[in-house]
Each structure stands twice: as structure tokens, then as C-alpha cells.
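Report on the structure given below.
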Amino acid sequence: MTKEENEKRLAYLKSIVARLPEKPGSYQYYDKDHTIIYVGKAKNLKSRVSSYFHAEVDRLKTKVLVSKIWDISYTVVNTEEDALLLENSLIKKYNPRYNVLLKDGKTYPSICVTNEYLPRIFNTRTINKKWGTYYGPYSHVGTMYAVLGLIKELYRPRTCRQPITKEGVETGKYKVCLDYHIKRCGGPCIGKQTYDDYQRNIAQAREILKGNTRKVLRELKEEMQQLAEELRFEEAEEIKRKYIALDTFVSKSEVVSHTINNVDVFSITSDEKIAYINYIHVSNGSINQSFTIEYKKKLNESDEELLQLGIVELRARLGSTSKEVVVPFDINVEMEGVRYTVPKQGDKKTLLDLSVMNGRQYKFDRLKQAEKLNPEQKQTRLMKELQEKLQLPKLPYQIECFDNSNISGTDAVAACVVFKAMKPSKKDYKHYNIKTVSGPDDYASMKEVVRRRYNRLLEEGQPLPDLIVADGGKGQMEVIREVIQDELGLDVPIAGLAKDSRHRTNELLYGFPPIVIGLKTDSELFHVLTRLQDEVHRFAITFHRDKRSKHALHSELDDIKGIGPKTRNQLMKQLKSVKRIKAADIETLTKIIGNNKAHIVYDYFNPKREE
């Protein structure tokens with residue numbers, strides 16, 4: 001597009017903006033092919049749309065959107081609520097390129113009560129409203145099965161799929177199935193359970209699915225008392241069994257005071273790219289619906305904008321008619337007959353916290369699912385998290401950690417382990433024998449090893465690490481800094497892992513002077529850093545043990561020039577000890593290892609005395 005064409009395009013768009021009414025409504029942006037690329041809503045159409053064409057707009061994504069606009073249309077409505085409803089409808093219809101993308105991670109199951117003569121109750125993921133009434137969806141499958149199990153225990157609805165009619169029952173067309181014989185069905189198909197009784201059970205089951213459990217409890221209690229007054233004790237006992245089962249279920253599912261009835265709860269959990277909106281419906285103090293949707297952001301939409309869309313979408317999808325909506329912050333869009341509540345404490349705050357927890361759990365589950373399909377995504381996330389925590393200039397792809405190992409200064413060794421992309425790179429591990437330090441001086445040993453390690457990398461032109469981690473606190477960090485920065489003049493970030501009194505890693509240190517970096521000890525990143533520390537311990541100690549073992553197995557036979565391991569083993573096998581080898585005469589040694597080697601061994605242990 002030439003400069004002249006762009007100026008002509010902008011002049012045309014601004015002429016449309018100048019004619020826009022100052023009323024609520026929805027606006028649509030079109031590209032060069034007259035395809036809708038963005039749908040928005042506004043309390044004041046003229047004010048909102050003109051803001052896109054101000055020179056001071058600095059958001060890159062918004063500038064990109066404006067550069068693609070070739071035409072604008074709009075629809076005027078009576079209220080901002082209508083504008084929000086229209087916006088949501090148009091976004092779902094046209095799926096514009098620059099609008100948030102509504103994503104459902106999966107199809108949640110619902111419970112269906114069929115429209116048959118003798119209704120069935122079952123769970124399904126397929127919604128076809130001409131077959132029956134659907135309750136749900138249930139984001140937690142365990143909750144759904146708990147409700148189904150309760151209904152089957154209380155009311156024993158039929159499970160057979162054969163179409164049953166009134167005429168068929170009256171003419172004895174059907175036969176009972178196994179469920180009747182094992183008392184899982186009352187046999188309504190053959191008239192063993194009356195039609196009215198069966199329908200009464202289904203009606204109560206519907207109330208339970210709606211969350212009106214206390215209403216059902218009241219009805220059961222009244223029925224039980226009535227039967228007892230009529231001396232129908234066996235029937236009263238059966239009703240009592242149902243009452244106890246339902247009351248037990250309610251006591252487990254009740255989360256707040258039962259005075260909270262028919263309330264919607266919404267919360268939002270978002271990051272740079274995706275927002276997760278959780279919905280909870282509460283009836284009589286019990287949660288009977290919970291659902292989470294996610295929006296993929298396109299233009300850095302605010303949490304308030306997304307929550308407005310989410311409220312409209314979820315209330316429409318789940319058929320909510322609640323007059324009170326609990327939200328985490330004030331919503332500017334007024335909805336007819338709906339009161340917004342932002343709780344600070346009490347039962348409603350408990351519900352809001354529960355909704356937030358569900359939203360975060362959904363985000364975590366989705367993240368885990370994505371990382372399972374693409375393991376590199378998890379590694380990148382952890383590297384980015386560490387980069388943000390330490391304010392590093394680049395991703396810490398290669399991390400190196402050092403550790404010393406000695407016993408009272410003997411057989412002193414050190415180890416260096418390398419993690420790449422948050423995973424051990426064992427082919428890059430190095431171990432070192434301490435050469436210039438005598439005695440147990442950990443700081444001096446660390447200086448020697450770090451100096452040797454990075455001098456060699458510089459000489460060979462190999463890449464330096466993105467982060468060095470000291471296995472220790474401030475002292476070890478300072479020793480490494482002296483070598484890296486003061487001696488070698490390198491700019492490599494240095495962190496430290498400090499331990500508590502019980503020798504457990506509990507702090508991540510960074511900077512000079514070092515400060516504690518806020519990091520939860522149960523987080524994934526902390527577990528990776530702890531694994532790095534454990535790995536360098538293991539590698540250093542294993543090398544140290546190997547060196548001590550070789551030293552312990554050394555004997556005088558190893559110092560005899562001309563005698564190798566094979567000869568040494570032959571002598572030890574026959575004579576059992578170095579002491580007996582020393583005392584052996586030349587004939588005995590000759591029989592075991594031959595004349596030449598026998599004289600070498602004999603002369604070593606029996607040097608000729610000078611006269």
C-alpha cells in the first residue's frame with residue numbers, strides 16, 4: 001500500500017468516525033476483502049471508535065489492527081448490556097481474527113433426564129435437547145458420578161434402553177431385566193412400580209440435579225412423618241433410608257451457609273496470552289455447577305473486558321437466571337435484574353476464593369496437558385521463570401554447579417555438573433583432582449577448580465554458561481565471583497543455594513551483596529535447582545569414593561618396577577599376603593612367576609647389603 005493509498009484509507013475511516021452516534025452499540029471492522037476482523041462494544045460509539053485513530057496509540061497490536069481496517073459498520077442498541085450481548089453473539093458467529101478466541105479444552109459431561117414415558121437418567125457428552133433435559137456440564141467427573149450414584153441409590157430409575165409406552169405396559173408387552181431381580185429397578189415396565197410413583201421419583205431427582213436438595217429433604221421428612229402417623233412403618237423406614245442418604249450427601253457437598261441461594265460466582269485467572277474464567281453456581285449453600293472457559297488474547301485485552309464476555313457467555317450457555325453475581329472486582333456493564341457483589345469477607349468471599357482456586361487448577365491442568373504433548377514447553381517455561389526471578393539478561397539455557405569433596409583434606413576432589421534446558425547434560429560433567437591446595441580448604445579448592453574450568457573454556461573457545469550456581473551460601477558465591485569477575489573479567493551471573501540447620505536446601509541467593517530470592521520450596525523451579533544441587537553432590541562424592549578405594553587397594557607390589565597387575569595377582573593368589581611374599585625364598589617365587597620376575601621381586605624385598 002502506497003502512502004497516498006493509506007492516507008486515502010484513513011481519511012475515509014475518519015469520515016465514518018465523525019458520523020458515529022454517541023450512543024451504546026457494537027462496531028465491526030472490515031479488512032480489504034470486506035471480512036470482519038474485529039468486533040467491539042461501546043457505551044459511547046463515537047468516543048470508543050475514535051480512540052483507535054488517535055496518534056498517541058502506542059500498543060503495537062492495536063496499531064497492526066488499525067493498519068488492516070478498510071471499513072467500519074456499527075449497530076446502535078439501547079443499553080451497554082445489549083451491546084455486550086451483541087458483541088458476544090457476533091464474535092461467536094464470525095470468529096474475527098483480532099478478537100479473543102473462545103477455547104473449550106474438552107466437552108464436559110452432563111446428566112440427561114429423557115422425555116420418555118418412563119424417563120431414564122444417565123451421563124452424556126452429546127447434547128440434543130429434543131431428547132430430554134440436560135443438567136451440568138460437570139467439569140469434575142467425580143462430582144457427576146457422585147450425584148448419579150445418589151440418584152440411583154435413592155430412586156432406582158430404569159437403565160434399559162427399550163422404548164416403553166403406556167399401552168405396552170398395560171398389555172404386558174415387556175419383561176423385567178436383571179436390574180429388577182437385584183433390586184436396582186422397581187419394575188415400572190410390568191407395573192410393579194406405579195407410573196405416579198416413578199414420576200414422583202424422577203421429579204425429586206430433577207430437584208437434586210438443580211441443587212434443590214433441601215427442598216427434597218423437607219418433602220421426604222414430611223412424607224416419612226405422614227407414613228408413620230398412618231402406621232405404615234415399613235414404607236416410612238424406606239423413606240427414612242432415602243432421607244439419611246440424601247442428608248449425608250448434602251453435608252459433604254455444602255460449602256457455605258444454606259442461606260446463599262441461586263447465586264453465580266465468577267473469577268478470572270490470566271497471563272499474557274490466555275485468560276481462564278471460572279463459573280460456579282450455588283443453590284442452597286451447595287455447588288451444583290462448575291465450569292471453566294478460556295479466552296486466547298489477541299489485543300492485550302483487560303481482565304475486566306474478558307470477564308464481561310465470560311459472564312455473558314457462561315450465563316447464556318448454562319441457562320443461569322441468578323439475580324446475584326459474585327465477582328472479584330467491579331463490573332462497569334449493568335445487566336437488567338442482576339446485582340453484582342464484590343465480597344471482602346464471609347461466605348461469599350469463601351465462594352469467590354473457591355472459584356479462583358478452580359480457575360488456577362484448570363490453568364495448571366491445561367499447562368500440564370500441553371507440556372505432556374510438548375516437553376520442551378515446560379523447559380522453556382522454567383527457564384523463563386528463573387530468568388524473571390533473577391532478572392537475567394538471557395534465558396539460562398546452560399547452568400553449571402560446583403562442589404568439593406574431601407576427608408580432612410585427603411584425596412581432595414571437585415566436580416562440575418552441567419544442566420542444559422533444565423535437564424542434566426552428563427556428557428559435559430567434569431571432575432577434578434585438587435592440585436594446589438593442601439589440607440581441608442574448601443574456598444581455595446573452589447577457586448582452583450573454577451579457575452581451571454573457565455580458563456580452559458576460554459582457551460578452547462567454548463561457550464560460557466548462562467548461570468553459575470554455587471553449592472553453598474554467600475561465602476562460596478564470593479569465592480566464585482573473585483575468580484570470574486576479578487581475575488578473568490567475565491560477566492557470568494552467579495547464584496547460590498543455601499541450606500538450613502537440617503542441611504536442607506531452603507533459599508536461592510542472587511546478587512552482590514546476595515539477597516534471598518522469593519521462591520516457594522514446593523515449586524517446580526525449586527525442585528529443578530535442588531536436583532542440580534543433589535546431582536553435583538552425587539557426582540563429587542562418587543569420584544571421591546573411587547579415588548579413596550584405589551588408594552586403599554594400593555600395596556608395595558604396585559611400586560615394584562617391572563611387576564604388573566597380572567603378576568601381582570598371581571603372587572597374592574598363591575601366597576595370600578604381602579608379608580608372606582616378602583618372606584618367600586627365590587625357589588618359591590620362581591615356581592609361581594618364573595625366574596626373571598622372581599629375581600625382581602626377591603631383590604626388591606631383599607636388597608644386597610654393602611660390605
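Along the sequence shown, the residues carry numbers beginning at 1.
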Quiz prompt | Full working for side-chain contact (heavy atoms from CB on, under 4.5 Å) between Thr542 and His431 | solution = CA-CA 10 Å; Thr542 301; His431 53 237; over 6 Å; no

Quiz item: Is a side-chain donor or acceptor of Lys389 paired with a backbone partner of Leu508 at a separation under 3.5 angstrom?
Solution: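 The answer is no, because no donor-acceptor pair under 3.5 Å joins these two groups.
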
Self-check item: Phe419: partners by ring pair (Phe, Tyr, Trp, His ring centres under 6.0 Å), with sequence neighbours left out
Solution: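 Ring pair (Phe, Tyr, Trp, His ring centres under 6.0 Å) list for Phe419, sorted by chain: empty.
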
Quiz prompt | With Tyr276 via ring pair (Phe, Tyr, Trp, His ring centres under 6.0 Å) - residues at least two apart | solution =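 Expected list: Tyr362.
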
Exercise. Please assess Cys416 against Tyr432 for the test side-chain contact (heavy atoms from CB on, under 4.5 Å), listing each intermediate value before the final yes or no.
Key: CA-CA 8 Å; Cys416 170; Tyr432 300 88; 4.2 Å; yes

Quiz item: His599 pairs by side chain to side chain donor-acceptor pair (under 3.5 Å) with which of Asn596, Asp603, Asn595?
Solution: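 Of the listed residues Asn596, Asp603, Asn595, the side chain to side chain donor-acceptor pair (under 3.5 Å) partner of His599 is Asn595.
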
Quiz item: With a cut-off of under 6.0 Å to the ring centre and 45° to the axis, is Arg481 in cation-pi contact with Phe512?
Solution: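 The answer is yes; both the distance and angle limits are met.
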
Exercise. State whether Glu459 and Arg456 are salt-bridged, where the test is any N-O pair (Lys NZ or Arg NE/NH1/NH2 against Asp/Glu carboxylate O) under 4.0 Å.
Key: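 Looking at Arg456 together with Glu459, the answer is no, because their closest N to O distance does not fall below 4.0 Å.
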
Quiz item: What is the ring orientation for Tyr279 with Phe266, classed by angle as parallel under 30°, tilted 30 to 60°, or perpendicular over 60°?
Solution: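 Rings of Tyr279 and Phe266: tilted, as their planes differ by 30° to 60°.
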
Quiz prompt | Residue Arg97 excluded, over 12 heavy atoms near CZ under 6.0 Å | solution =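 Atom CZ in Arg97 is not packed in, count stays at 12 or less.
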
Quiz prompt | Set of salt bridge (Lys or Arg N to Asp or Glu O under 4.0 Å) partners for Glu507, sequence neighbours left out | solution =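 None.
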
Practice problem: Decide side-chain contact (heavy atoms from CB on, under 4.5 Å) for Tyr510 and Leu392; before the verdict, give the C-alpha distance in whole Å, the side-chain angles of both, and the deciding distance to 0.1 Å. | Solution: CA-CA 11 Å; Tyr510 186 70; Leu392 301 177; 3.5 Å; yes

